[in-house]
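Note sheet for the following structure.
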Amino acid sequence: MDARNPLRDPRDRRLPRVPDPCALVVFGVTGDLARKKLIPAIYDLGNRGLLPPGFVLLGFARRDWGDGDFEQVAREAAEAHSRTEFREDVWRRVADCIKFLPGSFDDDNAFDALDRTLDELEDSHGIGGNAAFYLSIPPVAFPVVLKQLARTGMADSSQRGGWRRVVVEKPFGHDLSSSKELNSLVDSVFGPTDVFRIDHYLGKETVQNLLALRFANTLFEPVWNSNYVDSVQITMAEDGGIEGRAAFYDSTGAARDVLQNHLLQLLALTAMEEPVSFDSEALRIEKHKILKAISLPEDIEASTVRGQYEQGWLAGARVHGYLDEKGIAADSTTESYAAVRLGVETRRWAGVPFYLRTGKRLPRRVTEIAVIFKRAPHLPFAKTDTTELGNNQLVVRVQPDEGVTLRFGSKAPGSAMEIREVSMDFLYGAAFTESSPEAYERLLLDVLLGDKTLFPDHEEVEASWTVIDPLEEFWQSRKPERYRAGEWGPRAADKMLARDGRTWRRP
Ligand code: BG6
């Protein structure tokens with residue numbers, strides 16, 4: 001056993017490195033993200049022996065709390081949401097390094113106190129000047145916090161003898177121009193290698209597996225192009241609604257909330273060329289090329305759909321319509337569903353439509369990438385009923401039931417040459433004994449290790465806004481279509497595909 005980390009078995013080579021001693025300062029630590037994702041992820045890292053000795057979690061928020069109050073809240077969050085089993089001995093170890101500082105973002109004194117606390121932590125915990133600042137706060141508050149970090153010199157690693165990093169949560173801006181402003185502000189305060197933009201989809205194991213599937217095998221890459229691929233469908237469906245985030249969601253909408261980031265990143269990983277290595281710069285170059293090569297449909301009206309859910313039924317329960325959700329104005333035109341057909345203007349993908357769709361209050365939570373192949377050019381089964389035979393499909397299931405499915409035609413048992421569609425399944429849960437880390441667990445560890453491979457850079461973010469801005473502009477003066485909660489989106493979305501002679505996959 002490792003004396004510094006008794007929970008860690010050094011013989012296990014698959015375990016990642018343990019970061020240097022450091023402090024993780026979380027702004028907005030009382031929010032939903034911190035409670036449901038960040039604190040549980042820190043507990044899980046602790047449970048896997050991946051927190052360094054001398055690690056400190058420092059919560060900062062406008063609450064009249066002491067360290068003990070925060071510890072209690074953090075404990076409840078870890079008990080309720082951690083991935084790994086909750087163990088008292090692990091919690092004691094994590095709890096020992098929890099601190100809280102009260103303050104508002106415009107309060108100079110509070111930030112001076114934070115600065116002093118980080119200095120003191122060098123003596124008490126040996127953090128060696130290393131600190132990461134996590135902005136788990138609304139985007140409007142980014143500038144004031146960044147300015148405080150600059151004013152106090154806390155962002156400047158050269159003054160502090162260790163590294164200083166910042167983690168920015170999406171959405172990175174509201175459109176291209178605000179994202180450029182935000183990017184230049186962040187870049188003026190932190191060095192280029194110290195900015196970590198979180199798109200938590202990149203931390204999902206199955207999303208990374210897409211690269212393994214494509215580039216570690218010979219089987220798929222030869223057919224991964226317009227000669228064989230008919231179309232690609234990327235779906236991110238949620239059965240949940242806006243979950244108490246009315247103010248944020250109503251001013252954001254589905255396209256800015258997830259299409260601009262999660263779905264375009266999935267598209268980029270699906271369509272990109274092989275990177276020269278699996279490091280952050282090589283990946284960034286290839287993803288950026290694809291994001292720049294995305295083309296919008298000529299007829300935006302015919303090739304996009306926005307929707308808003310009406311009341312309906314989900315899992316046997318009646319659910320409100322979007323306009324009846326608490327905090328949503330009765331005349332809101334914000335979309336809770338968006339579907340769009342995009343092109344990728346490269347030789348590999350010429351003419352292949354990429355259909356992206358996302359929505360809240362759809363029948364179930366599922367995210368998948370379906371590569372749909374062209375039909376066989378000739379079927380030599382003259383007397384055979386092939387109507388049941390669809391296109392071959394390779395489906396990467398990002399969540400739930402993480403895995404990959406290949407759908408193809410097979411002879412049904414019997415004397416007739418009857419061809420039916422069958423599935424070949426790879427399930428993460430069945431193939432591997434170890435469970436996948438949560439996306440935030442992986443990404444937080446990477447922040448502390450300084451590994452930027454799974455973080456989009458500002459060029460990718462800006463290229464993504466270039467795709468979204470014209471759509472938003474077009475949609476601005478139009479009302480969203482309606483769909484019942486519990487249905488797979490508005491009828492217009494089915495018609496959109498029908499016009500292209502296709503149908504949406506039913507995940
Ligand atoms: C977030 C969006 O980025 O992703 C939410 O802001 C959405 O609206 C969430 O619900 C979905 O994440 P996951 O990991 O549950 O698919």
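Numbering of ligands and ligand atoms starts at 1, following listing order. Quick note: numbers below take in every heavy atom, side chains included, and nothing from hydrogens, waters or symmetry partners.
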Main-chain N/O of Phe172 paired with Trp465 side-chain donor or acceptor, under 3.5 Å: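 Pair found, side chain donor or acceptor close to backbone of Phe172.
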
Side chain of Arg397, backbone of Asp401: donor and acceptor closer than 3.5 Å?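 Yes; judged by distance alone, with no hydrogens or angles, the pair exists.
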
Please report which non-hydrogen protein atom sits nearest to [atom], along with the residue it belongs to and the distance in Å to one decimal place.
{"atom": "atom 5 (C) of ligand 1", "result": "Arg245 NH2, 3.1 Å"}
{"atom": "atom 16 (O) of ligand 1", "result": "Tyr201 OH, 2.5 Å"}
{"atom": "atom 10 (O) of ligand 1", "result": "Glu238 OE2, 2.5 Å"}
{"atom": "atom 15 (O) of ligand 1", "result": "Arg365 NH2, 3.1 Å"}

If the cut-off is 4.0 Å to any non-hydrogen atom of Gln399, which atoms of ligand 1 fall inside it?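 Those qualifying, in numeric order: 13 (P), 16 (O).
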
Contact atoms of ligand 1, heavy-atom distance to Met236 under 4.0 Å: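 Under 4.0 Å from Met236, ligand 1 has these atoms: 11 (C).
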
Report yes if Asp257 has an N/O atom closer than 3.5 Å to an N/O atom of ligand 1; otherwise report no.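 Checking ligand 1 against Asp257, an N or O pair does fall under 3.5 Å apart.
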
Any N or O of His200 that comes nearer than 3.5 Å to an N or O of ligand 1?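 Yes.
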
Using a 4.0 Å heavy-atom threshold (strictly under), name the region of Glu243 that reaches ligand 1: side chain, backbone, both or neither.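 No part of Glu243 comes within reach of ligand 1.
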
Does atom [atom1] ([X]) have a neighbourhood of more than 12 heavy atoms from anything else shown, all under 6.0 Å?
{"X": "Arg62", "atom1": "CZ", "answer": "no"}
{"X": "Glu473", "atom1": "CD", "answer": "no"}
{"X": "Arg505", "atom1": "CZ", "answer": "yes"}
{"X": "Arg491", "atom1": "CZ", "answer": "no"}

Per atom 3 (O) of ligand 1, closest listed option by heavy atom (Arg256, Lys170, Lys204, Lys360):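 Selected option, by shortest heavy-atom distance: Lys170.
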
Hey, can you pull the donor-acceptor pairs under 3.5 Å for the side chains in residues 311-323, sequence neighbours left out?
from   : atom 1 : to     : atom 2 : distance (Å)
Gln311 : OE1    : Arg318 : NH1    : 3.2
Tyr322 : OH     : Asp250 : OD1    : 2.6

